[in-house]
Amino acid sequence: MDIPPLAGKIAALSLGALPVSYALNHVSALSHPLGVALMSALILGQLFVAIYSLSRGEIYYDPHYAVFAVFAFTSVVDLLIALQEDGYMVGFMEFYTKEGEPYLRTAHGVFICYWDGIVHYLLYLAMADAIRRRKRYRNLGLYWLGSFVMSILVFLPGNILGKYSSEIRPAFFLTIPYVLVPCWAGVRVFNQARPPTCCTPNMGQVQEEQRKGLLQRPADLALVIYLILAGFFTLFRGLVVLDCPTDACFVYIYQYEPYLRDPVAYPKVQMLVYMFYALPFYVLAAYALIFPGCSWLPDWALVFAGAIGQAQFSHMGASMHLRTPFTYRVPEDAWASFFVCNMLYALGPHLLAFRCLLWPAFFQRLPAGSHVLHEKQH
């Protein structure tokens, strides 16, 4: 996967969030929630106009350029929010977290801001630069899409269902375009042509690889075992947040992951998203590793890796963050088991995506009759 150099123009525009946020933090009109929402919408509109006037050629070539440029700016804003809430800087985004989106001050909100301000930011710069150089960025786009969608799937319902539901402000409705635009961008990324792999197999190699049983592919066998175990772990944690009365669930939620009881609702929503979306994927991915020709797996493995990476980063960080009440944090004697289990849960989908990208022969769909032709030749 070719990762292009970072886009200097987009980086320069995005760093404009520093003086803008500092100046707005000292405007008295922004002490009202409606003023925060209107000013935020105005700034984003002006930013889009500036990007359009400076980069028309790139936008005409690929409209995603404008999306990545605007979102790079918001990523810097999110990083400022996270650094401010953790006490590393002051005087930048207090007005927004107080009157705009107070739920960003939770441990979960802080960590999704860190992820957006670092991982998403680097992805935006890389993809924008790829557009400028007329290169492909489909793999990066799929990873970003999974990460972004997972963030939205958990954060928005958590805001509505959790203890911050009574503090929904007008700025919350700015998330509507923040949801719709990535959906449009995701469809366009999926419709892009797949980039060539580093070692594109010929038809003979594909047929040879697809004739191998699972026991002849030890890496795939290990991944299948992982997917089965991860599926059981996903189902178990889903039952835990659904208040399953068994002793195992009771011990787990009180002695290993008490964060699942936190009334902010983000951990509960996260586990339910895992159970209803990740669990079916684990089953389908195990099937695709056993039976050849499932050409959909490489793309969806990338999307899924981005989703699990973002989710586990936010969940693990919030489970131990000081903003989480002490009674809901991971107990010190359970840190090792919690860390190992959750790191493996995050690592597995990335290994699956890595396997699909580097050795795609097993997943390629063969033309009709190719098996018969190969048998006649031998």
Nearest heavy atoms of [X] and [Y], plus distance in Å:
X	Y	answer
P349	A346	CD-O, 3.5 Å
A311	Y274	CB-OH, 3.1 Å
Q364	Q210	O-NE2, 2.6 Å

I want to know whether [X] and [Y] have ring centres closer than 6.0 Å.
X	Y	value
Y287	F291	yes
H64	W184	yes
Y143	H350	yes

Next on the checklist: Could you go through Y114 and D78, starting from their C-alpha distance and side-chain angles, then the distance that decides it, and tell me whether this counts as side-chain hydrogen bond (donor to acceptor under 3.5 Å, both in side chains)?
Outcome noted: CA-CA 7 Å; Y114 273 126; D78 282 344; over 6 Å; no

Evaluate the ring planes of [X] and [Y], with Trp represented by its six-membered ring, and classify them as parallel (under 30°), tilted (30 to 60°) or perpendicular (over 60°).
X	Y	value
H108	F155	parallel
W300	F190	tilted
Y252	Y256	parallel

Side-chain touch [X]/[Y], heavy atoms, less than 4.5 angstrom:
X	Y	result
Q255	F250	no
W115	H120	yes
D129	L125	no
R105	R323	yes
Y61	I131	yes

Next on the checklist: Run R138 and D299 through salt bridge (Lys or Arg N to Asp or Glu O under 4.0 Å) and show every step you take.
Outcome noted: CA-CA 9 Å; R138 188 174 187 270; D299 288 347; 2.8 Å; yes

Checklist entry - Ion pair present between R132 and E58, side-chain N to carboxylate O less than 4.0 angstrom? => result no

Item to check | R134 and D62 ion-paired at < 4.0 Å | outcome: no

Checklist entry - Under the 3.5 angstrom rule, does the side chain of Q312 hit a backbone N or O of N342 as a donor-acceptor pair? => result yes

Checklist entry - Is the CG atom of D247 crowded by more than 12 outside heavy atoms at less than 6.0 Å? => result no

Item to check | Nearest-0.5 Å distance, CG of residue L161 to OH of residue Y266 | outcome: 10.0 Å

Checklist entry - Going by the ring pair (Phe, Tyr, Trp, His ring centres under 6.0 Å) test, which pairs reach into residues 320-343, not counting sequence neighbours? => result F111-H321

Item to check | side chain to side chain contact (heavy atoms under 4.5 Å, CB included) between Y259 and V330, intermediate numbers included | outcome: CA-CA 7 Å; Y259 178 58; V330 178; 5.6 Å; no

Checklist outcome for this item: side-chain contact (heavy atoms from CB on, under 4.5 Å) filter on A285, not counting sequence neighbours, yields L227, F281, L297, L352

